[in-house]
Amino acid sequence: MPACFEHTSSAMLNGVIEGFYGPPWTDAERIQVLDWMQSLGLNTYFYAPKDDLKQRLLWREPYTPSELAMLADLRQACLSRGVDFVFALSPGLDMSYASSVDLDQLKEKYNQLRSLGVVDFALLLDDIPDGLSANDQARFADFASAHSHLANSLYRWIRSEHARSRFLFCPTPYCDRMHRSHLGGKGYLEILGRQLDPNIDVFWTGPEIISSEITLEELAAITRLLRRKPLIWDNLHANDYDGRRFFCGPYSGRPLDLRQGIRGILHNPNNEALLNLVPWTTLADYLQTQGESWDPRASYLKAMRQWYAQFESSGNPISWEAFLLFGDCFYLPQQHGDQAQCLLDEASKVFTHPFGSNGHDPGLFRALATRLRDACREVVHLKQRPLFNALYRRNWELREEMDLLLHCLGLLEQNPLSPLCSDYHLPGTYRGGLVRDVQRLLTQGERGGFEMQTNPSAHRVNRPVSLKATDGRSKE
Ligand code: GDL
């Protein structure tokens, strides 16, 4: 281990968090990610996969020699590309904050990484049970004091070996909404701000977990409470909460002046590593822009040009226009790209009025839907099979919907009163499954509220079946 080390990044921490729920990236995916990071000038890779069991649920269990070898290679791959490596543990699911045994076990686990030469660490206490056990209550006045105590102890211990080690901390309330609802107890952030060592960086995701906007003004209050600039954990493109989507829209909703009020931006992306080229290219563009204005769409178009080069098909070429329309269908969580929005608007004009009654010409809708369907057909033939694999599910679903809409348009054009049905979109196999059926019970309005579905037949797609009890008797 070098006696003296320099961080690649002396000031802002900008880079990638592997911090999502779901299968962690493979070695090959991580190398691809790091290659991109290097070429984009992103300086920090943060290892925190929620479902590396030994990172979170089974945090007490040591890594095996082969797991450690993987982490050593990963750290080395970071170093050789000029990227800082940060390692996190998330013991909050069952840790006792008053237990010296637990503290020692935590240190032992961090020590495994220290033995590899890792110097920067994090403690993540997001998404954990909210409150102290009886044992811990006897020792700590509140949750925030327990967390500050733990983070400070670890920080001092880590710094005792390397005076410049970084230590990052994720609090239990990590966005405004959680703060307002007093997650972690009333005054959590204020206590944390007071008690936490001022050199520890604190993560913040903005007004929401998935924040469409983060502004300097909104951060002022939190900066005051934390007594430090927050480090942004950005979930803008995370898709672990909805496996039917991914996001390739631009880094946006963050005005340029935000950069002055934060310690950095670590971006927790799409689970599928290969789908993050545009998010990271635009993030890097945002971070490096010198001027006063930031145009996410222009940055997106530039980044999409680069991504387009990877969409070579073994069949017919995908046109740039079709590729852009495809990307616009998977833009940002709360926003469709322009072309996709246009397609949706045109489709609404066709399918939300009695056909022909509004005198609308369906030509533009047909052209866009056909272009999109054809692009989806070609995505199947991508030369880059890992990219095809990453896109497969969402591509399939999009193509099915376009097929259906175009088919129904054809029926309506023959007879505006025609019943709309398709041999390829049948109940059970199309939009089927328990989750879809359950989703139909409560429909969500634009403002977030839910309405009950009071027509019971509307949500039953399968014929009723009799359930067999496990002892073989028939149950109703
Ligand atoms: C979260 C989790 C994160 C997850 C993201 C999106 C933080 C601090 N934690 O709340 O691991 O990927 O939501 O689902 O953001």
Side-chain angles (χ1 to χ4, degrees), residues 13-25 29-30 33 44-59 86-93 95 121-130 143-144 147 151 167-181 183-184 188-189 192 196 200-214 218-219 222 226 230-249 251 253-254 262-273 275-276 279-280 283 330 332-334 448:
L13 284 87
N14 294 317
V16 171
I17 313 179
E18 187 178 334
F20 43 78
Y21 292 91
W25 285 331
E29 284 169 331
R30 289 183 180 132
V33 168
T44 304
Y45 165 84
F46 179 27
Y47 181 90
K50 283 277 191 299
D51 293 316
D52 164 357
L53 289 176
K54 294 183 180 176
Q55 195 277 137
R56 191 168 143 91
L57 183 69
L58 306 179
W59 62 270
V86 184
F87 174 84
L89 285 175
S90 305
L93 289 176
M95 169 158 194
F121 293 96
L123 173 68
L124 305 182
L125 297 177
D126 56 320
D127 300 2
I128 58 171
D130 171 21
F143 213 34
H147 286 184
F167 197 74
L168 319 179
F169 176 74
C170 186
T172 299
Y174 49 85
C175 68
D176 282 327
R177 185 166 47 80
M178 293 176 177
H179 166 55
R180 282 198 309 274
S181 65
L183 188 71
Y188 178 105
L189 292 174
L192 191 77
L196 200 66
I200 298 178
D201 284 314
V202 178
F203 279 115
W204 193 248
T205 64
E208 284 292 338
I209 300 172
I210 316 292
S211 295
S212 56
E213 293 188 352
I214 305 178
E218 279 167 5
L219 282 189
I222 210 68
L226 291 175
L231 172 60
I232 301 297
W233 172 309
D234 208 325
N235 287 322
L236 184 62
H237 295 88
N239 70 339
D240 54 3
Y241 58 87
D242 186 351
R244 293 175 43 239
R245 295 198 284 168
F246 72 93
F247 305 107
C248 66
Y251 191 73
R254 284 90 174 117
I262 55 178
R263 283 283 294 125
I265 298 173
L266 295 178
H267 178 261
N268 182 37
N270 291 292
N271 286 44
E272 298 77 10
L275 304 186
N276 290 307
W280 291 334
L283 168 66
F330 300 100
L332 291 169
Q334 294 97 344

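Order of appearance sets the numbers: ligands from 1, and atoms from 1 within every ligand.
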Regarding ligand 1, does [X] bring an N or O atom to under 3.5 Å of one of the ligand's N or O atoms?
| X | value |
| --- | --- |
| Y174 | yes |
| N268 | yes |
| G19 | yes |

Contact list for residues 202-214, test side chain to side chain donor-acceptor pair (under 3.5 Å), sequence neighbours left out
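Residue pairs with at least one partner in residues 202-214: R177-E208.
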Taking the six-membered ring of Y251 (Phe, Tyr or Trp), confirm whether the NZ or CZ of R254 is under 6.0 Å from its centre and within 45° of its axis.
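The answer is yes; both the distance and angle limits are met.
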Nearest neighbour in protein (non-hydrogen) for atom 15 (O) of ligand 1
N235 ND2, 2.8 Å
Atom 9 (N) of ligand 1 - nearest protein heavy atom and its distance:
D126 OD2, 2.8 Å
Atom indices of ligand 1, in the order listed, that fall short of 4.0 Å to a heavy atom of [X]:
| X | result |
| --- | --- |
| I209 | 1 (C), 10 (O), 13 (O) |
| K50 | 9 (N), 11 (O) |
| D240 | 4 (C), 6 (C), 12 (O), 14 (O) |
| D127 | 1 (C), 2 (C), 10 (O) |

Counting only N and O atoms by type, is there a donor-acceptor contact under 3.5 Å from the side chain of [X] to the main-chain atoms of [Y]?
| X | Y | answer |
| --- | --- | --- |
| N268 | F20 | yes |
| N270 | E272 | no |
| Y188 | F143 | no |

Sequence neighbours excluded, the answer for side chain to side chain donor-acceptor pair (under 3.5 Å) partners of Y241 is none
Would K50 and D126 pass as an ion pair if we require N to O under 4.0 Å?
yes
